[in-house]
Structure formats: structure tokens, C-alpha cells
Protein chains: 2
Amino acid sequence: MASHAESKAERRARIIRAARALIRETGRTGLSMRALASRAGVSLATPYNLLGSKEAVLKALLEADLQEFREALPIPGSGDPIEHIFAAITVATRLYSTEESFYRALFLALFESDNVELRTFYGPDRQQFWAGLLREAVCTGQVLAGTDVAALARNIRYVFAGVLHRWATSSSRPGWIEAEIGYGVSLALCAVATPGAIGRIRARLNAYQERIAEHQTAEPAIPPESTASCRTASV
Amino acid sequence: MASHAESKAERRARIIRAARALIRETGRTGLSMRALASRAGVSLATPYNLLGSKEAVLKALLEADLQEFREALPIPGSGDPIEHIFAAITVATRLYSTEESFYRALFLALFESDNVELRTFYGPDRQQFWAGLLREAVCTGQVLAGTDVAALARNIRYVFAGVLHRWATSSSRPGWIEAEIGYGVSLALCAVATPGAIGRIRARLNAYQERIAEHQTAEPAIPPESTASCRTASV
DNA sequence: CCGGTTCTTATAACGCGTTATAAAAAGCGG
DNA sequence: CCGCTTTTTATAACGCGTTATAAGAACCGG
């Protein structure tokens, strides 16, 4: 029975490996189920049997990297939870930056699919990750007591997903992602920070804003009427 | 030459009208190019000639509603820009709520496509809309002077897109969208508000948070370990 | 080793978005 | 009204994700 499960797992691994290779070599468009099956030395039906769908293949790809992400993370529960949040952003975005074109293609492919849980980036486990850190921050007195951590965690995910999508579609310099996500998260945290904690977060906010300004690339040129200085609000 | 252009425009309008009807009747899945052409009494090639692609059809659908949105908006440049921002959120989300299933299907269809400018919800004009209001708010002294309004506007769009995506995929009660978007925007504005303006925004933040709590539906049940109360940060 | 169950394979098929092609139609300048 | 250009039409085709089908292989209990 070992060989049975093993050959199954090996085939599965081979499919995922082939998917990786195909994306790396040919980008998102090169990854078709027929090409994948052929590359993995397997029938067209097999990826469907073993993974379920094309989207599941992509999901499996990302899941493997998520493992890598988790291992690169500082020990959970130790240290300042707020610092932990920003460290997580750094680790994640740095992971994407190491193999830019691959993750761009992967994200683009993922964004195309209409899976419910995945498109929200990345589903409940992610939600819990942020919510857990935020709850800790409430405990340490860095975040106001009445805060709805679930709503806040959702907000972080919106920012994460939005920035990653923007990064995947428009081409921006590496380093931009971290600054942009960090900016959005600092924004949110500023609003719920206790007086004692707001100083460091605000400093982060300003630092991120400056880093964004340095990466002035993707945003379309400001149209003439917008460059005009303030008009008084009265008609 | 009038009849030429007219018949062209009329065909175009008929296609868009057919698209609306098809989505309304059969949802997102029922809108295929073949069905659309047939419904519009037109050849399969014609939508491609007149609109360009399926995505362009969807884009045109949304564009028409965007017009409706703009007209329902308070007069630009008049009144409190911060209030204007929240009013815009109300108007937009209310528009979606009037025909929930239609806009759900429309957004789902839009999210599926991989167009660069559209998936960022909704492109540069939107970006300018928020940026313009924020710039006004800087002028009125409600938003801190050094604020990067472009980055802030982008952040609002991330929230908008994220919430709409969540709304389109998971089913949540009408009214939730406005609260969730309002919450996210208040969060961001709190961080950049001047001392004089922060009071009203914080009040909004709390009000939205309460409204979100009332709509406790879509979020998956909190898993056991997360419900545990605070653990001290030390290992 | 055999019989039955389970999985893989090969292949065809479906509907999809999109493109190409040639014929028909419509518009317009003269 | 004719001829030229532009557009629409009908139809076939391509590759895609996915599913169905029947044949073959692999496994496992007895």
C-alpha cells in the first residue's frame, strides 16, 4: 500500500513541479492543462483526478510557498505583535520579489479564476493569521480595546489583495509592494492604535509614504486639472 | 451618414441591452458571446466589431451605471469633502443594493476577466475622483498637509475592490457593503485627519463598526483556538 | 493466482472566447 | 445608378477547461 500512495503522491508532485516549470518558462499563458499533463508525463485526466481543476493546481503551487513563508516568519507569540505584522509583510513581499516574474504570472493566473475562497487572498487561514496578531496587540495594549479585530483583519486582506493585484498587472519596481502594503496597514493601525503605540506606527506610515514616493512608476501621470492647487470649497 | 452611425449605435445599444437582460435572467454564466449575439439579433462577429471583446461589453455595462452614479452624487466642489466621500460610498453601494443579483453577477463576470485597468476598480478616473476629494480635504484642513493623496486614493480603491469582490462571491446582506467600505475608508482617514477633523471621522468609524457587527453573516465561524482570550506575549 | 475494485489512459466531445474567411449587404462619392 | 469601400453575416476553425467513455493497468483481499 505504500507504493500505491507513493506513486500517487509522486505523480501529484510531478504535476505540481511541471506547473512550476511551465509558469517559469512560458508564463501564465503557457500553463494549459494539456501542456501540463504532457510535461508531467501524465494523461490529461490525471491532474483532474489528483488535483481537481486547474485552479487547484495553482492553489497547490501557492500553498507550497505559503509553507516557506510560514517558516521564514518569526516565532508566533513572541515579541511585539505590531512588529510581527510588519515583519510578516516584509517576509511575504520579499518572497515574491525573489522570483518576480514567476509570482506575477502565478497571481495573474489565480486572479483569473473565480474561486470563492482563494480570490479573497487567501482564505480563512490568512484571516486568522492577521486576526490573531491583532488580538495579541489588543492584549498588549497597543490596539484599542473595543476594536473589531475581524473587520480589521479583513481590511488588511483587502489591501494585500489589492496591492498584489496591482503589482501583478501593472509592472512596478520590486520593493514597491512592501511599501504599499505597509502604508495601507499602517493607515489602518494608526486609527486603532492606543496613544502609547501610535508614535511608532505613525513613523512607519511616514517612512512607507516616502518609500512609495521613491517608486513613482506605475501610477499614470497626473492629468492637468488635478495638478491645480486648491480651489476653495465654495461654489 | 446619420443613418449609418445611427444604426451602428443602435446595434451597439441593442447588444448592451441584451447583455443586461441576459445577466438579469440567467446570471453571469448565461452571458456567452453566442447567446448575446443571438439575443441581440446580431451575428457573433458583431459584438467583437462594435465592442471588441466580452470584457468590453461588461465594461460598457458598468460604464452606463457609473453615469447614473455620477448624477446621483452631490455637486462636486460643494460642501464638506469628507462628507462627500462618505456620501459617494452611500450612493454607490445603494446603487448596487437596488439590484443585488444583477450587480453580483456583473462583478463576478468582471473579476473573471484579466483586464489591467478594470480589475483595479475602476481605473484612472476613479482614482482621480477620490484623489480630488482628498486634495480638497487637505485644503479645508481636514487632512494633514503632507499626505500623499494618490497613495491614499489607491488605498480606498483597494478597500472598495476587496469589499465588492467579497460581496460578489460570498453572499452578505445588503447594507453590509456600505458599512464595510465605510469602515475601511474611515480607518484610513483617521490616520491622516487633522486634530480638528478626527472627531467626526472616529464617530463614523465606530458607527460603521457597529453596523458591521450587526451584519455578522459571511465571516466563517471563529475557530476554537481563536476564541481563546489573550495569551501573554511571552513564550 | 484470481476476481473485483480502483485508478490511469486514450480519445472524443461540449461549450467557451476569439479569430479568420469568404459572401452578402449597406453606405457613399461620382 | 454604378462602383468602391466598409461593415455585417455566416460559418468554420483554434485552443482552452472540463467531462464522459471505454479500454487497460495496478492494486488488494482471499
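In this text the structure is predicted, and so the values were computed from the model without any measurement. Chain A is the first sequence line, chain B the second, and so forth, proteins listed ahead of strands; every chain is numbered from 1.
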Return all side-chain donor-acceptor pairs below 3.5 angstrom for residues 33-49 of chain A, not counting sequence neighbours, or 'none' if the list is empty.
| unit_1 | atom_1 | unit_2 | atom_2 | d |
| --- | --- | --- | --- | --- |
| R39(A) | NH1 | E25(A) | OE1 | 3.0 |
| R39(A) | NH2 | E25(A) | OE2 | 2.8 |
| S43(A) | OG | A45(A) | N | 3.1 |

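- Salt bridge R173(A)/E214(A): absent, no basic N to carboxylate O contact under 4.0 Å.
- Listed for the T93(A) side chain is a donor-acceptor partner under 3.5 Å among the backbone atoms of T90(A).
- The nearest whole Å value for the distance from the CG atom in L51(A) to the P atom in dG17(D) is 14 Å.
- Residue I82(B) comes nearest to A137(B) through the heavy atom pair CD1-CB, 4.0 Å, listed as atom of the first residue, atom of the second, then distance.
- Nearest approach of L51(A) to A60(A), heavy atoms of both residues: CD1-CB, 4.3 Å.
- The nearest whole Å value for the distance from the CZ atom in R28(B) to the C1' atom in dC16(C) is 13 Å.
- Contact between the side-chain N/O atoms of N49(A) and the OP1/OP2 oxygens of dC7(C) is not found at any separation under 4.0 Å.
- Relative orientation of the F107(B) and W167(B) rings is perpendicular, given thresholds of 30° and 60° on the angle between their planes.
- Whole-Å rounding puts the E112(A) CD to dC16(D) P distance at 13 Å.
- Atom CE in M33(A) sits roughly 20 Å away from atom P in dA12(C) (whole-Å rounding).
- The base of dT7(D) is not paired with the side chain of R11(B) by any donor and acceptor separated by under 3.5 Å.
- A straight line from OH of Y48(A) to P of dC16(D) spans 11 Å, rounded to a whole angstrom.
- Rounded to whole Å, atom P of dT8(D) lies 11 Å from atom CZ of R14(B).
- In this model, the phosphate group of dT18(C) is not approached by any side-chain N or O of K54(B) to a distance below 4.0 Å at OP1 or OP2.
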Original post:
How is the base pairing of DNA chain C summarised as a dot-bracket string, given the Watson-Crick and G-U wobble criteria with both distances under 3.5 Å, [ ] for crossing and | for another strand?
Top reply: ||.|||.|||||||||||||||||||||||
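- One cannot find a donor-acceptor pair under 3.5 Å joining the base of dG15(D) and the side-chain atoms of R34(A).
- Phosphate proximity of dT9(C) to T46(A): present, with a side-chain N or O under 4.0 Å from OP1 or OP2.
- Non-hydrogen atoms lying under 4.0 Å from DNA chain C are contributed by L44(B), all within residues 36-45 of chain B.
- Atom-to-atom, CG of L31(B) to P of dC16(C) comes out at 10 Å; the value is rounded to the nearest Å.
- F111(A) and A161(A) make their closest contact through CZ-O, 3.8 Å (heavy atoms, listed as atom of the first residue, atom of the second, distance).
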**OP:** Begin from the C-alpha positions of D148(B) and Y183(A) and carry the test side chain to side chain donor-acceptor pair (under 3.5 Å) through to its verdict.
**Re:** CA-CA 11 Å; D148(B) 182 345; Y183(A) 177 77; over 6 Å; no
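- Ion pairing between a basic and an acidic side chain is recognised when a charged N comes within 4.0 Å of a carboxylate O; R104(B) and E100(B) show such pairing.
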